[in-house]
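Here is the structure we will look at.
Throughout, residue positions are numbered sequentially from 1 according to the sequence presented.
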Amino acid sequence: FILTLVHFTGDFYSAFFSPLLPAFVDKLGLTMAQVGLITGMVRFFSFMVQPVTGYLADRYETRGFVLIGLFMAFFFIPFTGTAPNFWILMILLSLGSIGSSIFHPSTVGMIPLYAGNRAGFCLSIYNTGGTLAFGVSPIFITWYVGRFGLEKMPYTLLLGGMAFLFCLKYLPVPVSEQLKSR
């Protein structure tokens, strides 16, 4: 359940960007080239950095990768609503996307450790969490921004913060990390 919550929360925030593109274009006067550059960088950092973070997660097994990645995703992306220009928007989205790429390999790697003989089922539940987030998030964030405005997006941190604190308390520590002090 906790790994699914991480996946849901991280992907929930990652899915804020696409449905808000028209609002960012209006607010910041973005060109089509800038929209293309931002969209490409978001995808690059969300997916192409994963092999690097996956390698590091295998080499240095720790729940820190999960927590840092989740934090970056839910912390930086809501501040995009307050971005004063293209470059700040690009930096915030890139940092949030890097966070997404950090937690994904680590959480997927933890599933077999805690699933016992139900790894396939548990992995499907984990994947459902991310897919559900990508379905619910655009509905939520377009409603939220339509009602409160882009500048109020940082208040959505409260949702991610609650999930983060729950994970901080209950996310299991990998066995190898527990043995380091010995």
Side-chain angles (χ1 to χ4, degrees), residues 1-21 23-24 27 38 41-43 45-47 49-50 53-54 56-57 60-84 87-111 114 122 125-174 177:
F1 169 74
I2 293 171
L3 298 176
T4 302
L5 178 63
V6 170
H7 198 198
F8 177 86
T9 304
D11 284 357
F12 181 79
Y13 284 94
S14 294
F16 278 14
F17 174 65
S18 292
L20 294 180
L21 270 173
F24 289 123
K27 178 184 176 188
I38 290 173
M41 293 308 294
V42 164
R43 294 294 171 233
F45 285 127
S46 292
F47 298 106
V49 177
Q50 282 191 36
T53 58
L56 293 172
Y60 306 103
E61 185 181 28
T62 175
R63 72 188 203 135
F65 285 105
V66 176
L67 296 172
I68 289 168
L70 177 61
F71 180 83
M72 289 177 70
F74 91 80
F75 183 79
F76 289 110
I77 292 171
F79 283 104
T80 60
T82 63
W87 292 108
I88 300 297
L89 179 63
M90 178 91 127
I91 289 167
L92 290 169
L93 285 169
S94 294
L95 289 170
S97 297
I98 289 168
S100 176
S101 117
I102 291 172
F103 79 75
H104 273 98
S106 301
T107 52
V108 170
M110 292 173 80
I111 290 170
Y114 304 108
C122 290
I125 298 299
Y126 169 84
N127 284 335
T128 300
T131 303
L132 183 62
F134 275 109
V136 171
S137 177
I139 296 166
F140 168 78
I141 198 59
T142 54
W143 167 81
Y144 184 88
V145 168
R147 180 164 176 121
F148 303 108
L150 279 171
E151 64 280 351
K152 301 291 186 194
M153 277 179 61
Y155 290 111
T156 67
L157 281 166
L158 296 174
L159 300 169
M162 289 186 296
F164 180 79
L165 291 174
F166 184 83
C167 292
L168 188 63
K169 182 171 181 170
Y170 294 108
L171 184 69
V173 177
E177 188 174 336

Point to revise | Heavy-atom pair of closest approach, residues K27 and G81 | key: NZ-O, 2.7 Å
Exercise for review: Could you tell me the separation between the CZ atom of F24 and the CG atom of L150, rounded to the nearest 0.5 Å?
Suggested key: 5.5 Å
Check your understanding: Who passes side chain to side chain contact (heavy atoms under 4.5 Å, CB included) against I98, sequence neighbours left out?
Key -> F45, M72, I102
Point to revise | With W87 via ring pair (Phe, Tyr, Trp, His ring centres under 6.0 Å) - residues at least two apart | key: none
Exercise for review: Quick one: do F17 and L93 satisfy side-chain contact (heavy atoms from CB on, under 4.5 Å)? Show the steps, please.
Suggested key: CA-CA 8 Å; F17 174 65; L93 285 169; 3.3 Å; yes
**Study point:** Side chains of V66 and C167 in contact at under 4.5 Å (non-hydrogen atoms)
**Key:** no
**Study point:** Separation of S101 OG from R43 CZ (nearest 0.5 Å)
**Key:** 13.0 Å
Point to revise | For the student: nearest non-hydrogen atoms of P78 and L157, plus distance | key: CG-CD2, 4.0 Å
Review point. Side chains of F65 and T53: closer than 4.5 Å at any heavy-atom pair?
Key: no
Review point. Hey, are the side chains of T82 and M153 touching, using non-hydrogen atoms and a 4.5 Å cut-off?
Key: no
Review point. Going by the side-chain hydrogen bond (donor to acceptor under 3.5 Å, both in side chains) test, which pairs reach into residues 2-19, not counting sequence neighbours?
Key: H7-D11, H7-H104, D11-H104
Exercise for review: With rounding to the nearest 0.5 Å, note down the distance linking OG in S97 to CD1 in I77.
Suggested key: 5.5 Å
Exercise for review: With sequence neighbours left out, write down each residue that passes ring pair (Phe, Tyr, Trp, His ring centres under 6.0 Å) with F75, or none if nothing qualifies.
Suggested key: F71, F79
Practice item. Supply the atom-to-atom distance F134 CZ to F8 CZ, rounded to the nearest 0.5 angstrom. Key: 11.0 Å
Point to revise | ring pair (Phe, Tyr, Trp, His ring centres under 6.0 Å) partners of F148, counting only residues at least two apart | key: W143, Y144
Study note, to complete from the structure: side chain to side chain contact (heavy atoms under 4.5 Å, CB included) filter on F166, not counting sequence neighbours, yields F1, I2, L5, Y170
Review point. Please, which pairs that meet side-chain hydrogen bond (donor to acceptor under 3.5 Å, both in side chains) have at least one residue in residues 149-159, sequence neighbours excluded?
Key: none
Check your understanding: Mind checking what makes side chain to side chain contact (heavy atoms under 4.5 Å, CB included) contact with A83, not counting sequence neighbours?
Key -> I88, L89, L92
Revision key, fill the gap. The side chain to side chain contact (heavy atoms under 4.5 Å, CB included) partners of L168 (sequence neighbours excluded) come to R63, L67, F164, L165
Review point. Hey, does P19 have a side-chain heavy atom less than 4.5 Å from the side chain of F16?
Key: no
